[in-house]
> 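One structure, as C-alpha cells, below. Some questions next.
The figures here come from the full heavy-atom set of this structure, side chains too, leaving out hydrogens, waters and symmetry mates.
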Amino acid sequence: MSGETENRGTKSQNGFEETIRDFWASRPRRPHSGRKVAGVAAAIGSRYGIDPVIVRVAFVVATIFGGAGPLLYILGWLFFPDERDQVSAFEGMIGRGRVTSASTGFTVVLCIAMIPLAGWTFSGGLFSGGFFGSGGVICFVLFLAGLYALHHSRGQSNRPVVPAAGYEQFGQTPAYGQGGFDAAFSMSGTESAAAAEKAAPGWDPLGAAPFAWDLPDPEPAASPTPPPPPPRVPRHRSKVAGVTYSIAVVVAAVGVLLNLSGNDWFSAHHIIGMTLGVLGLGLVAGSFVRGGRGLIGLAIPLAIAGMVLTAVPFDNVQGGFGNINATPKTAAEVLPSYSRTAGNIYLDLTKLPANADVKTKVTSGAGQITVMVPATADVTYTCDTKAGELNCFDHHTSGLGQGAVTGTDLGTDGAGGAKINLDVEHEAGRMVVGRG
C-alpha cells in the first residue's frame, strides 16, 4: 500500500487536473491538538509541513486586505474533514457519510453564513471589500493559488490517514461468535485445564525433592547501553526574512519621498498597505523554505496601525505635528490655512482692524481647535467635526458624524465691521469658534 500511496503522491505533480484530484483525495484533516477555532490553519500547516502561525497570518491578511479571510476559513471548516471522521461536515450534511464532530444544524448555519461573507468579499468587483478596500476577489484567488502551489510541491508528503469505519466509529457492539465475548470467555479452556491437572503425575521424575535441587543462579542480564544522543542539527537560517525586510524598507522610503514631493496618493495608510503587501509576500515565500517567521512581529503592529488610520481618516489633513498659536494683527498676516495632523491650534483674530476682509481655513486631525473673532465682525463660517465636541457660535453638538454646520453671524452691532470667512474642519477632538 505504501508504494501505491507514493505513486499517487507523485502523480499529483503531473498537471493541474491531477493536482486538484489528488488534493481532494488527500485534503488536510482538522486536528484536535493545536487548533484555535476549528483547526483549519493547523490542518493546512500539518498537511504541508509549514508553521500554522503563518497560515493564520495569511487568513488575517486576507481579511484586512480584501475581506476573503472569513469566507476561506468557513470553506475549510466545511470541506476539510475532522481527523476522527471519514468525510467533511458538508459531505455529512448531504448524506455522504457519518460525521461526529459537527451537527447537521451547525453545518447549515455555516452554509448560511457564507452568503453575506461572499457578498462582502466579491461585491463591487476586484478592488473592494475588506477594511482597506483592496480586492476581495484578488485575495481569494491568491490564497487558493498558494494552497495549490503548496500541494503541487509538497502534496506527496504528510498524507493524512483516513480512519477506518470500525465498531468504535459507529457505536456498534461486536456480536457473539464474531471475536467478541465467546473468544474472551470460553468454557472449553477451563475444562482442558482441569483435565490436565488430573492427569499430572504425583511423583517427582528427578527423584529428589524440589528444595534439594542445586541449580546455578541465573546471571543477571546486562543492561543495554543507551544510544548516544543524536547530533544537534544546526538551526536553518533562511535569507527570506532579511531580503523581505530590505525590500519593505525601500518600499516605505519611496512612498514617504513621493508623499513629501506632493503625491497625495502615497498617504500614511497607503504606505503601510504597500509595506504589509511586501511582508505578506515574504511570509508566503518563507512558508516554502521554512523561514521568515520573524516577519510576523513587524506585520502585526503595522496591520493594527493601518486599521487605526483607516478608521480615523487623515487623508485631507497635513501640516505635521505640534501646536499652532497665531495672533495676526493685519489682514496680510492671516495665512490661507492653518493645519496640523495632530496637535492644538489656537487662532486669535480679535486684533484685526475693523476694515479687514480675510478668508482662512483651519484643519486638524486630532487635538483642539480654538478660533476667536472680534465682537463686531461679520463672520461666514463652516464648522465640521467627525468625532468629538463642536461649539461654533450658537451651535453645540457632540458625538460621531454630526455633520457640518454653516451660517453667518453679524456680531453684536449687526452688519458692518471686519469681514471674516472661516472654514474649520476637525477629525477628532474639541472645536471652539466664538467671539473674544
> Should the heavy atoms of other residues, nucleotides or ligands under 6.0 Å from CG of Asp394 be counted, would the total exceed 12?
no

> CG of Leu75 to OG of Ser88: how many Å apart, nearest 0.5 Å?
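Reported to 0.5 Å precision, the distance equals 11.0 Å.
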
> Between Gly34 and Arg56, which heavy-atom pair has the shortest distance, and what is it?
O-NH2, 2.9 Å

> Between CG of Asn421 and OG1 of Thr382, what distance do you get to the nearest 0.5 Å?
7.5 Å

> Can you name the one residue among Asp384, Val362, Thr385, Ile345 that meets side chain to side chain contact (heavy atoms under 4.5 Å, CB included) with His426?
Thr385

> How many angstroms lie between CZ in Arg430 and CD in Gln368, if you round to the nearest 0.5 Å?
5.0 Å

> Are Cys111 and Met93 side-chain neighbours, meaning at least one heavy-atom pair lies under 4.5 Å?
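Side-chain contact under 4.5 Å: yes.
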
> Is any side-chain heavy atom of Arg47 closer than 4.5 Å to a side-chain heavy atom of Leu147?
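They are not in contact (no side-chain heavy atoms under 4.5 Å apart), so the answer is no.
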
> Out of the candidates Glu425, Glu427, Arg340, only one should pair with Thr363 under the side chain to side chain contact (heavy atoms under 4.5 Å, CB included) rule; please name it.
Glu425

> Does Arg30 reach the main-chain N or O of Gly39 with its side chain, forming a donor-acceptor pair under 3.5 Å?
no

> Measure the OG1-CG distance between Thr406 and Leu422 for me, rounded to the nearest 0.5 Å.
13.0 Å

> Passes side chain to side chain contact (heavy atoms under 4.5 Å, CB included), Glu91 versus Phe79? Steps please.
CA-CA 8 Å; Glu91 292 172 300; Phe79 292 100; 5.7 Å; no

> Take atom CZ in Arg35; do more than 12 heavy atoms of anything else shown fall under 6.0 Å from it?
yes

> Can you tell which of Thr350, Thr412, Asp409, Thr376 makes a side chain to side chain donor-acceptor pair (under 3.5 Å) with Arg435?
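With Arg435 as partner, side chain to side chain donor-acceptor pair (under 3.5 Å) holds for just one option, Asp409.
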
> Tell me whether the guanidinium CZ or amine NZ of Arg27 lies under 6.0 angstrom from the six-membered ring centre of Trp24 and within 45° of its axis.
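Positive - Arg27 is close enough to the ring of Trp24 and near enough to its axis.
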
> Distance from His152 atom NE2 to Leu150 atom CG, nearest 0.5 Å?
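That separation rounds to 12.0 Å.
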
> Does Asp357 come within less than 4.0 Å of Lys359, counting only side-chain N to carboxylate O?
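No, this pair does not count.
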
> Quick one: do Lys419 and Thr380 satisfy side chain to side chain contact (heavy atoms under 4.5 Å, CB included)? Show the steps, please.
CA-CA 8 Å; Lys419 298 183 182 300; Thr380 301; over 6 Å; no

> Decide side chain to side chain contact (heavy atoms under 4.5 Å, CB included) for Asp82 and Val99; before the verdict, give the C-alpha distance in whole Å, the side-chain angles of both, and the deciding distance to 0.1 Å.
CA-CA 8 Å; Asp82 189 276; Val99 175; over 6 Å; no

> In terms of the angle between their ring planes, are Tyr73 and Phe59 parallel, tilted or perpendicular, with boundaries placed at 30° and 60°?
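Tyr73 vs Phe59 ring planes: perpendicular.
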
> Specify the closest pair of heavy atoms between Leu410 and Asp378, including all atoms of both residues, with the distance to one decimal.
O-OD1, 3.1 Å

> Decide yes or no on side chain to side chain contact (heavy atoms under 4.5 Å, CB included) for Val334 and Leu352, but give the supporting numbers first.
CA-CA 9 Å; Val334 178; Leu352 292 176; 4.0 Å; yes

> Kindly indicate whether the side chain of Tyr338, heavy atoms from C-beta on, has any atom under 4.5 Å from the side chain of Thr360.
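The answer is yes, as the side chains (C-beta and beyond) meet within the 4.5 Å cut-off.
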
> Can you confirm whether Pro52 sits close enough to Ile44 that some side-chain heavy atom of one is under 4.5 Å from a side-chain heavy atom of the other?
no

> Taking all non-hydrogen atoms of both residues into account, name the closest pair between Ile74 and Leu110 and its distance.
CG2-O, 3.8 Å

> Can any side-chain N or O of Ser153 pair as donor or acceptor with the backbone N or O of Ala149 at less than 3.5 Å?
yes

> Contact between Met431 and Ser364 at the side-chain level, heavy atoms closer than 4.5 Å - yes or no?
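No - every pair of side-chain heavy atoms lies 4.5 Å or more apart.
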
> For Pro28 versus Phe80, what's the shortest heavy-atom pair and its separation?
O-CB, 3.5 Å

> Classify the ring geometry of His151 against Tyr48: parallel below 30°, tilted from 30° to 60°, perpendicular beyond 60°.
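Geometry flag for Tyr48 against His151: perpendicular rings.
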
> Can you see which heavy atom on Ile420 is nearest to which on Pro374, and at what distance?
CD1-CD, 3.8 Å

> Can you measure from CD1 (Ile369) to CG (Asn344) and round to the nearest 0.5 angstrom?
9.5 Å

> Provide the closest heavy-atom pair for Thr244 versus Gly282 in the form atom of the first, atom of the second, distance.
OG1-CA, 3.5 Å

